[in-house]
Amino acid sequence: MAYADLDSADVSRATSLASVVQQISLGLGVTIGGLAVHLSSRWQGHETLVAGHFWPAFVVIGVFSMASIPVTRRLPLNAGAALTGHKPA
């Protein structure tokens with residue numbers, strides 16, 4: 001869907017931009033998850049990591065993922081129809 005509405009001349013630049021955005025989002029996810037584990041460890045007062053430190057990281061990353069739902073819901077109902085061949089309802 002990222003390239004559905006682009007002219008073929010712009011697809012190369014869009015691919016580069018999408019790749020950069022994907023790498024940044026992966027890095028931010030790792031950073032935010034690591035920060036959540038670190039803060040959980042501090043909050044629980046342990047010197048070493050234990051399994052109980054990781055659940056807050058999963059919750060935080062899940063909240064970030066759910067925060068993308070309103071953005072996705074704003075897409076038109078026929079978004080990506082040109083790629084799938086489906087006609088708008």
> What side chain to side chain donor-acceptor pair (under 3.5 Å) pairs are there with at least one residue in residues 57-75, not counting sequence neighbours?
Replying inline: none
> Which residue pairs pass the side chain to side chain donor-acceptor pair (under 3.5 Å) test when at least one of the two sits in residues 36-51, sequence neighbours left out?
Replying inline: S40-Q44, H46-H53
>> Please find the pair of heavy atoms, one from A36 and one from V60, that lie closest to each other, and give the distance.
In response: CB-CG2, 4.2 Å
>> Working to the nearest 0.5 angstrom, can you tell me the gap between D10 CG and T15 OG1?
In response: 10.5 Å
>> Quick one, L28 and F64 - any side-chain contact, counting heavy atoms below 4.5 Å?
In response: no
>> Ignoring hydrogens, what is the shortest heavy-atom contact between G33 and I61? Give both atom names and the distance.
In response: N-CD1, 4.0 Å
> Applying the 4.5 Å side-chain criterion to the ILVMFWY set and letting contacts propagate, would L49 and F58 be lumped into a single cluster?
Replying inline: yes
